Structures are given as structure tokens and as C-alpha cells.
**Q** 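Below you'll find the structure I mean.
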Amino acid sequence: MINSYWAICSGIEGNLAAYEAVLADIKSLGNAVTDFYILGDFLGLQGNNRGVIDRIQSPGANEPIPQVCLGWWEEQCLNLHGLRGSLDAPELIAKVGTDGAKLLWESINWELVQWLRTLHFGFHELDCLLIHGSTVSPADELTPDTPAIELCDRLIRADANNLFCGRSGLMFECWVEPKQLQSQIITLDGAQTPQDLAKSPRRIVGVGNVGRKKSQANYVLYNPATDIVKLKTVGY
């Protein structure tokens, strides 16, 4: 439908008040929002991880059911519990220290950790990839300052014309228009003939951050029928 939108957010980081503000804004749009995506980092150190998860798992009347994927904080939580490759979460400890890691550990119980394990790494819908970082890693931070060749690589890996991501916490719309793009496979028998890749413009959209900035939450509306992106800021 031409007036239908996807609502896409990331980075609630345990800030329930900010998440409620985004939900209220989405609800004010009536039936215009048909799909709702949370691109990870709903956990964090903002104070109410369990409350945020409860709201995600139990949406209210006339609220869209969120589709949720893993972010950096969720991956670190799984590391803390020995359920991912990096035992003891050295990346988390380097960022927030042992006190921060302990706070994250205590913020959710084992049952909720098991629920985290069921979440997707990302979503591929139509010609769009919706993911926290990129297909490389949840920690992959894409911004308008990321080199164009690196942005092209992430888009090609995803086989997507639109990549929506949240790792940077920034809101932006960045177009990549390659003039010449080839790929080549090298095997033990030698290099194969280079293959031309599609050179149509592709886009990376930063969906902002819901919970990090006090009194201000960001999210994005996307119309798949018209390809229009709207960057939204909500006060609370």
C-alpha cells in the first residue's frame, strides 16, 4: 500500500521511557505502520532491561508486534553466559568495565537469556537488509564517513539495495553510486574472469538510537512502495 510504512528502531538500551515514547508516536500514525523492527541493542545500562523485554514480548492493543534481531549488547550478554565464542566478554569489559558487565549480568535472568538465543541475526525483506551492524558483525559500525568501498562491500554481501542499521546510533541516509564494480574468484587453479556487478545506486540508512540521549528518541519510517525514508525524532 502506498501509504504504509515500516517503523525501524535500534538502541533502546534499557530505557523504557524512551521506548514508550516511540511506541506512542507509532500508535499516533494509526494503521499506517504495518511492520515494526527493532534492530538490536534493546539491552543496555539505562536501568530497566526486564521492563523493556516485557513490553517487546507483550505489545499492547493496536500496537504492532515487533520483529527483533540481536545487537551488540545482546551478543555481549550471550558471551557473558558462555553461549557465544568470546567467553568472559572481553569486548564488553573493555567498554564498560567489570562493574558494567556485572550490571548487565544481573539485569536479566536465565530464562530471558534463553529467549535471546532465539532471536534473528537480521532480516532480509524485499530488497532491504535490516540488521544491527552488518553481515560482518553486530559491532560493525557504518556511518556516512565509512569509506565508499567498504559500504559497497557491506551492501553486496547483503545482496540488498537498502541496508538499515543501528550500530552507530546515528540517523542518516547515505547513497552509494558505484561507477565501476567487479568481483573475481581466485581458486587453486588460478583467477577466474572478473564479473561486472550491478552499478545501480544503493543506500545505507542509520536508524538512530532510541534510549541513549536523554529526552530524545530517534527512529525511522520506510515506505517500501515509494522507497521514501523519514527520519523521526520524538521528545519524552
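Numbering of residues begins at 1 and proceeds along the displayed sequence. No experiment lies behind these values; they were computed from the predicted model shown.
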**Q** Using 0.5 Å steps for rounding, measure from the CD1 atom of I12 to the CD1 atom of I38.
**A** 4.0 Å
**Q** Taking side chain as C-beta onward, heavy atoms only, is Y222 less than 4.5 Å from V205?
**A** no
**Q** Is there a donor-acceptor contact under 3.5 Å from the side chain of N15 to the main chain of G211?
**A** yes
**Q** Roughly how far apart are L16 CG and I53 CD1, rounded to 0.5 Å?
**A** 11.5 Å
**Q** Mind running side-chain contact (heavy atoms from CB on, under 4.5 Å) on E111 and W115 for me, showing each step along the way?
**A** CA-CA 7 Å; E111 181 181 354; W115 174 73; over 6 Å; no
**Q** Atom CD in E75, atom CG in L70: separation rounded to 0.5 Å?
**A** 7.5 Å
**Q** Under 6.0 Å from the NE2 atom of H124, do we count more than 12 heavy atoms belonging to anything else shown?
**A** yes
**Q** Scan side-chain atoms only and decide if D35 and Y5 contain a donor-acceptor pair under the 3.5 Å cut-off.
**A** no
**Q** Does the side chain of I131 reach to within under 4.5 Å of the side chain of D140, using non-hydrogen atoms?
**A** no
**Q** Between R203 and E173, does any NZ, NE, NH1 or NH2 come within less than 4.0 Å of an OD or OE carboxylate oxygen?
**A** yes
**Q** Heavy atoms, side chains only, cut-off 4.5 Å: are N79 and L92 in contact?
**A** no
**Q** Is it true that atom NZ of K27 has more than 12 heavy atoms of other residues, nucleotides or ligands lying nearer than 6.0 Å?
**A** yes
**Q** Where do I26 and Y219 land on the side-chain contact (heavy atoms from CB on, under 4.5 Å) test, with the steps shown first?
**A** CA-CA 10 Å; I26 291 172; Y219 76 102; 3.8 Å; yes
**Q** Treat each ILVMFWY residue as a node, draw an edge where side-chain heavy atoms are under 4.5 Å apart, and state whether V33 and V68 are in one component.
**A** yes
**Q** May I ask you to decide whether R157 forms a salt bridge with D153, counting only side-chain N to carboxylate O separations under 4.0 Å?
**A** yes
**Q** Any chance you could measure C165, atom SG, to L170, atom CG, to the nearest 0.5 Å?
**A** 9.5 Å
**Q** Look at E150 together with R154 and state whether they make a salt bridge at an N to O cut-off of under 4.0 Å.
**A** yes
**Q** Just wondering, do H81 and R117 contact through their side chains at under 4.5 Å, heavy atoms?
**A** no
**Q** Would a hydrophobic clustering, with Ile, Leu, Val, Met, Phe, Trp and Tyr connected at side-chain separations under 4.5 Å, put W72 with L103?
**A** yes
**Q** Is any side-chain heavy atom of Y236 closer than 4.5 Å to a side-chain heavy atom of V22?
**A** no
**Q** Apply the test side-chain contact (heavy atoms from CB on, under 4.5 Å) to residues V96 and L104: give CA-CA distance (whole Å), side-chain angles for both, the deciding distance (0.1 Å), then the verdict.
**A** CA-CA 10 Å; V96 301; L104 181 63; over 6 Å; no
**Q** Under a 4.5 Å side-chain heavy-atom rule over Ile, Leu, Val, Met, Phe, Trp and Tyr, are V210 and W73 clustered together?
**A** yes
**Q** Give the intermediate values and the outcome of side-chain contact (heavy atoms from CB on, under 4.5 Å) for residues M171 and T233.
**A** CA-CA 10 Å; M171 274 205 309; T233 299; 3.5 Å; yes
**Q** For the pair Y19 and F36, name the ring-plane relationship: parallel under 30°, tilted 30 to 60°, perpendicular over 60°.
**A** parallel
**Q** Please say whether more than 12 non-hydrogen atoms of neighbouring residues, nucleotides or ligands are located less than 6.0 Å from CD1 in I65.
**A** no
**Q** Is it the case that the side chain of H132 and the backbone of L39 share a donor-acceptor pair, with hydrogens and angles ignored and the cut-off at 3.5 Å?
**A** yes
**Q** Between V234 and Q216, is any pair of side-chain heavy atoms under 4.5 Å apart?
**A** no
**Q** Taking side chain as C-beta onward, heavy atoms only, is F121 less than 4.5 Å from P138?
**A** yes
**Q** Please tell me if the side chains of F42 and N49 come closer than 4.5 Å, counting only heavy atoms from C-beta onward.
**A** no
**Q** For N109, is the CG atom crowded, meaning more than 12 foreign heavy atoms sit under 6.0 Å from it?
**A** yes
**Q** Out of curiosity, S134 OG to L151 CG, how far, rounded to the nearest 0.5 Å?
**A** 10.0 Å
**Q** I need the K95 NZ to I93 CD1 distance, nearest 0.5 Å.
**A** 14.0 Å
**Q** Quick one: do W105 and L43 end up in the same hydrophobic cluster if we chain Ile, Leu, Val, Met, Phe, Trp and Tyr together by side-chain heavy atoms under 4.5 Å apart?
**A** yes
**Q** Tell me whether L80 is reachable from V52 by hopping between hydrophobic residues (I, L, V, M, F, W, Y) whose side-chain heavy atoms are closer than 4.5 Å.
**A** yes
